[in-house]
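Have a look at the structure below before the remarks.
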Amino acid sequence: MINDEVRKWLIKAINDYKSAQKLLAQPEEDIITDTVCFHCQQAVEKMLKAFLINHDIEFGRTHSIEYLIKLCSTVDKDFERLYKITEGLTEYAVDVRYPEEFYIPSIEEAKEAFFAATKVKEFVFKKLKINENDLK
């Protein structure tokens, strides 16, 4: 069973996930790919942080998916499988949000980011032995 803090992190993660999902459901010409990628990155970041909080591991202020996976791997080596799946997601935390590093991901990149978020969601929820209905 998860505690209330972990539950809140997961609710926020699922909200990011659902936001990306709804954006991807739009006609292709209406998909805002940088926003999809940002929400996917945020969902993954928050799910990994929820796992760490559940195991009383501090992570500081970071958006680095790689770093969070490394910390999660200290609890469960299975997390190392997520490195390849999440490759490149960290870039969407900041880089796509500001015009200095102007970059608009392609539709394919947005779909890949959502695929990664889906895989991480399934993985983390399985590790925590919960499903989305447990968050209500």
Side-chain angles (χ1 to χ4, degrees):
M1 194 67 198
I2 58 172
N3 69 35
D4 194 49
E5 184 180 8
V6 173
R7 188 179 137 279
K8 287 175 182 176
W9 275 89
L10 290 171
I11 288 170
K12 287 295 199 176
I14 292 302
N15 286 346
D16 279 310
Y17 180 84
K18 287 178 179 177
S19 294
Q21 186 175 44
K22 287 181 186 297
L23 285 167
L24 278 175
Q26 301 301 308
E28 214 167 269
E29 64 273 8
D30 294 335
I31 296 173
I32 305 166
T33 58
D34 56 346
T35 305
V36 170
C37 291
F38 171 72
H39 282 296
C40 290
Q41 185 282 335
Q42 286 291 290
V44 169
E45 179 182 325
K46 289 169 185 157
M47 285 184 261
L48 294 173
K49 287 178 176 179
F51 180 84
L52 292 168
I53 292 165
N54 193 61
H55 289 85
D56 297 318
I57 297 176
E58 300 208 10
F59 45 80
R61 290 184 65 108
T62 184
H63 295 297
S64 173
I65 300 302
E66 296 82 7
Y67 175 69
L68 294 170
I69 291 171
K70 181 179 178 181
L71 288 178
C72 290
S73 296
T74 65
V75 174
D76 185 335
K77 292 285 182 202
D78 286 349
F79 274 85
E80 292 176 358
R81 292 189 227 155
L82 298 179
Y83 282 122
K84 182 113 176 102
I85 294 168
T86 60
E87 190 174 23
L89 268 186
T90 296
E91 298 170 24
Y92 302 134
V94 178
D95 292 354
V96 298
R97 293 173 48 207
Y98 300 99
E100 294 85 28
E101 299 292 328
F102 192 81
Y103 177 69
I104 303 293
S106 67
I107 295 285
E108 188 57 38
E109 287 172 298
K111 289 178 180 178
E112 287 172 10
F114 187 72
F115 174 81
T118 300
K119 290 298 180 189
V120 171
K121 175 180 162 285
E122 292 167 356
F123 185 89
V124 170
F125 275 58
K126 184 176 179 181
K127 290 295 180 180
L128 293 174
K129 297 180 173 112
I130 62 168
N131 61 53
E132 278 187 59
N133 292 331
D134 295 328
L135 302 177
K136 296 179 181 178

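In what follows, every heavy atom counts, from backbone to side chain, and hydrogens, waters and symmetry copies are set aside.
- Between Asp4 and Lys8 there is a salt bridge, since at least one side-chain N of the basic residue sits less than 4.0 Å from a carboxylate O of the acidic one.
- Following chains of ILVMFWY side-chain contacts shorter than 4.5 Å, one cannot reach Ile104 starting from Phe38, and the two form parts of different hydrophobic clusters.
- Of the residues listed (Glu45, His63, Glu109), the one engaging Tyr92 in a side chain to side chain contact (heavy atoms under 4.5 Å, CB included) is Glu109, and it is the only one.
- Both Leu135 and Val120 belong to a single network of hydrophobic side chains, linked directly or stepwise wherever heavy atoms of I, L, V, M, F, W or Y lie under 4.5 Å apart.
- By the criterion of side-chain heavy atoms lying less than 4.5 angstrom apart, applied directly or through intervening Ile, Leu, Val, Met, Phe, Trp or Tyr residues, Phe115 is not grouped with Leu89; the two fall into different hydrophobic clusters.
- Hydrophobic cluster membership is shared by Leu68 and Ile14, with clusters built from Ile, Leu, Val, Met, Phe, Trp and Tyr side chains linked at under 4.5 angstrom.
- The cluster map of Ile, Leu, Val, Met, Phe, Trp and Tyr, joined by side-chain heavy atoms under 4.5 Å apart, puts Ile53 and Tyr17 in different clusters.
- The minimum heavy-atom distance linking Asp16 with His39 is given by the pair OD1-ND1, 2.7 Å.
- Heavy atoms only, all atoms of each residue included: Cys37 and Ala113 are closest at SG-CB, 4.1 Å.
- Counting only heavy atoms from C-beta outward, the side chains of Asn54 and Trp9 never approach each other to under 4.5 Å.
- More than 12 heavy atoms of other shown residues, nucleotides or ligands fall within 6.0 angstrom of atom CD in Glu66.
- Annotation for Val124 and Met47: closest pair CG1-O, 3.7 Å, computed over non-hydrogen atoms.
- Listed here is the closest heavy atom pair of Ala20 and Cys40: CB-SG, 3.7 Å.
- Residues Ile2 and Asp134 fail the side-chain proximity criterion, which asks for heavy atoms closer than 4.5 Å.
- Considering every non-hydrogen atom in both Leu71 and Ile57, the closest pair reads O-CD1, 4.2 Å.
- In this structure, the side chains of Tyr83 and Ile65 stay at 4.5 Å or more apart for every pair of heavy atoms.
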(request) Dump the intermediate steps for side-chain contact (heavy atoms from CB on, under 4.5 Å) on Gln21 and Lys18, then the final yes or no. (result) CA-CA 5 Å; Gln21 186 175 44; Lys18 287 178 179 177; 4.2 Å; yes

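- In this structure, the separation between CD on Glu132 and CD1 on Ile11 is 10.5 Å, given to the nearest 0.5 Å.
- Cation-pi check for Lys121 over Phe125 is met; the charged atom lies under 6.0 angstrom from the ring centroid and within 45 degrees of its normal.
- For Glu91, the CD atom sits in a loose shell: 12 or fewer heavy atoms of surrounding residues, nucleotides or ligands are nearer than 6.0 Å.
- Remark: Lys127 NZ is packed, more than 12 non-hydrogen atoms of other residues, nucleotides or ligands lying under 6.0 Å away.
- Residues Leu82 and Val44 have side chains not in contact (no heavy-atom distance under 4.5 Å, counting atoms from C-beta outward).
- The aromatic rings of Phe79 and Phe51 are tilted relative to each other, their planes meeting at an angle between 30° and 60°.
- The side-chain heavy atoms of Lys46 and Lys49, taken from C-beta on, include no pair separated by under 4.5 Å.
- Atom SG in Cys72 sits 9.5 Å away from atom CZ in Phe59 (nearest 0.5 Å).
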Validation: residues 26-34 side-chain donor-acceptor distances under 3.5 Å, sequence neighbours left out:
residue, atom, partner, partner atom, Å
Gln26, NE2, Lys22, O, 3.3
Thr33, OG1, Pro105, O, 2.5

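- Asn131 contributes atom CG, which lies 14.0 Å from atom NZ of Lys129 (distance to the nearest 0.5 angstrom).
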